[in-house]
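Every heavy atom of this structure was used, including side-chain atoms; hydrogens, water molecules and symmetry mates were not. Keep in mind the model is a prediction, meaning the values are calculated, not measured. In what follows, residues are counted from 1 in the order of the sequence shown.
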Amino acid sequence: MLLVVPLFGLAAMVAASVTVMGWNRRRQAPLFAVLSFFSAGVALWAASDVIAFLTDDPGKALLWGSILLPAECVVVAGFYALAATVADRAWRVSWRTVTPLLIEPAILVALLATNPWHRLLIPDVLRAAWQGELILQIGPLYWLHVVYGYVVVVLALVRVARARRRVPREQRWIYSWTLGTVLPPMLINLVGLPLENQYSDMTSVGFAITVIIAYRMVAHPTLPEQIPVARQQVFDTLSDAVIVTDQGGRVLDHNPAARRLVERIRPAAALPPDGPPALLSPPRNALPGPQSPLSGPQPSFTGPHSPLTGSSITETLGADLPLREEAQTEQLLIDVGGSGLDLHLRISPLHDRKGGCIGWALAAHDVTEANRLRREVEEANALLREQVLRDALTGLYNRRHLMDTLPERIDEAVASGAPLSLAVVDVDHFKKVNDTYGHAAGDAVLIRVAQVLATAVRHDDLVARMGGEEFVVVMPGLSAEAARNRLDGIREAVAKTRTRAGEQRLSVTISIGVATFPAVRTATGLIDAADEALYAAKELGRNRVEQAAASAPGASVIPLRADGRHTA
C-alpha cells in the first residue's frame, strides 16, 4: 500500500496540474483546451484509484469504482480529441463526433446503475492477496468496455499515422510523439489485464506519463508551425473556384466551388458522359449572381471519378485561355460562355524542382455583381456629369460646357485649316412675352426655340444656352456664307413655329449674329464679334441674320435683309 498510493496520488496531482495549466492557456491554441479535458479525466481516474485503494468498506469501494469506469471513458474520448486535433489543426469538436463517443458511456452508466441486479459488469468486490486492498471483480460486460476503449484509441492512432505520412519529414516529430504518448498506459494495461482481479490497475499512472509528454509536446514553441492546416479542407472550403491543370491544360483537380461554377457556365460539362448519376446532392453555398438558364438549382454530382477531371480547361470554362509559362497573369472574362457571369481569373504556373512548368493553377473569382455595380456607378457618374453640363430648362448644353469646349473646337480648326462659324441667337421681344403671358409661357417659348435649334443643326454642331433668352450655335467646317444660309433657315423655322401656352398659341422671331474663324481667331473674340453682330440685327429691325465683318468687337457689320441678301 505504501508504494501504490503515492503513485496514484502523484498521478492525480500531475494530471490535475496539467488540467489547470492547459485551461489557463486555452486561448493560445485549441490543443490546450483538448489537453485540459483529457488530463481532467486522468486526474479523476487516478483520484478514484486512490480513494478506492484506501477504503476498507466494500460498498464504498464499489461506489468509487463506479466513478472510475466513466472516468476511463473521459480519458479515451479526450485522447481521441487530442489526436484528431494534432492530425488536423482545423478539427473542432462537433456533435457528429461527440454523439458516437457518448453512446458507450451512457450504456456504461446504465449498467452501473443496474449492476446490483445483473452483476454482469462488476460481480463482486474482493480483497487482493498482494497488499490487502479491495479489488473490483471484472464481469463479462466490462471486457466490452475494454474493447471499446482500445478501438477508439486505435482509430485515433491511425488518424495520426495517416497525417504523419502526408507531411514533410521535418514536421513528423509532432506526430511521432503523439503516437508515442499512448505507449506507457497501453503497456501497463496490457500487462495488467490478465491480473485484473488480483492486483490494482495501474493504467491511470501510465496515462499520467502520457499527460506529461503531451503537455511538453503541446507547449513546444514551434508547435503551431509543425501542425499544418489540412490542405484538402482548406482547398475544399475556398469560396473561389480553383482548378489545377497539367501542362496540356487538362484538369487534374478542382474544388467544390469550381464544380458549382462550371455547372452554371456549362451545365453539360459537369455531367458524366452517360448522363446524370443516380445520387444527386444539392449545391452547397451557391455563388451569388445570375442563375443558370436551367430552371431551379443545379445539381452537384459527387463520386470518385469527377466528369471534369481530364477535360480541357477550354471545354470546362468555355473560353480560350492563354497558358503562359513566364509568370502569374490575371484576366477578366466577361459573360463567360454566354452565361452572364464575369470572372476575374488568376493563372499561376506550377513548377517542378528544376523550375520547369508542369501545369497551372487557376483561381476564378465571380465579379459579376461587382461589375454590375461598377457599371451603374459609371452610368450614374456620366449622367451626373451630363446634368452638370446641361441647362435644366431646355436640355441644351450650358455656358460652362460651351466655354470649356470652344477653345478645343478652334484648335481643331487651326489644325485642319477648316473654317468655324459661331452664332449668337436671341429671342425677339422676349420680355414682352413674359410680361404679357407670364413666365410659364416664356419658359415654353424657350423650350420650343431650343428644340428647333437642336433639330436643325448637324451632328458635330454644338448648341448651348448662354442664359436668359440667348443661345449660341457653333458650326465647325462652315464658312461665313454657308453658316449664314443655314442660320437663315433656322430663323425662318422659328418664325413659322407656334408655341402652346395655356389657351394661347404664340409665335416669336429670333435675331442672329454670326462670326467666323479665321476672321476672328479666339473663343472670346468669336463670341464678342457675334454678339455685336446680334446687336446690329436688333438695331436693324430684328428677325434677321447679321455677319461680323472684322476680327474684333467694334468692327463693322455687313447687314442682311430678311431674305439673306446683303443690304446696300
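A donor-acceptor contact shorter than 3.5 Å links the side chain of T85 to the backbone of A81. Listed for the N381 side chain is a donor-acceptor partner under 3.5 Å among the backbone atoms of V377. Using a distance-only test at 3.5 Å, with no hydrogens or angles considered, a donor-acceptor pair links the side chain of N255 to the main chain of D240. Between the T394 side chain and the D391 main chain, no donor and acceptor come within less than 3.5 Å of each other. Side chain of R259 to backbone of P256: no donor-acceptor contact under 3.5 angstrom is found.
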Evaluation steps, side-chain contact (heavy atoms from CB on, under 4.5 Å), between R498 and R448: CA-CA 8 Å; R498 297 294 182 268; R448 188 67 180 129; over 6 Å; no
Steps toward side-chain contact (heavy atoms from CB on, under 4.5 Å) verdict (V424, E470): CA-CA 7 Å; V424 177; E470 197 169 74; 3.6 Å; yes
Residues L422, M475; criterion side-chain contact (heavy atoms from CB on, under 4.5 Å); working and verdict: CA-CA 6 Å; L422 181 145; M475 298 166 287; over 6 Å; no
Step-by-step salt bridge (charged side-chain N to carboxylate O under 4.0 Å, His left out) determination, D461 to R458: CA-CA 5 Å; D461 294 344; R458 301 167 303 169; 2.7 Å; yes
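Results of the side-chain contact (heavy atoms from CB on, under 4.5 Å) test with V494 over V452, N543, I512 single out V452 as the only residue that passes. The salt bridge (charged side-chain N to carboxylate O under 4.0 Å, His left out) with D426 is formed by just one residue from the set R544, K538, R465; it is K538.
A donor atom on one side chain and an acceptor atom on the other are found under 3.5 Å apart for N371 and D342.
Sparse packing is recorded around OH of Y535, with 12 or fewer heavy atoms of other residues, nucleotides or ligands lying under 6.0 Å away. Other residues, nucleotides and ligands contribute more than 12 heavy atoms inside 6.0 Å of the CZ atom of R372. At most 12 non-hydrogen atoms from other residues, nucleotides or ligands lie less than 6.0 angstrom from CZ of R96.
Counting all heavy atoms, side chain and backbone alike, P100 lies closest to W95 at CD-O, 4.3 Å.
Ion pairing between a basic and an acidic side chain is recognised when a charged N comes within 4.0 Å of a carboxylate O; R374 and E378 show such pairing.
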Output a table of donor-acceptor pairs, distance under 3.5 Å, between side-chain atoms of residues 400-407 and any protein atom two or more places apart or on a different chain; print 'none' if there are none.
from	atom 1	to	atom 2	distance (Å)
T405	OG1	H401	O	2.8

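Cation-pi contact between R390 and Y397: present, with separation from the ring centre below 6.0 Å and deviation from the ring axis of at most 45°.
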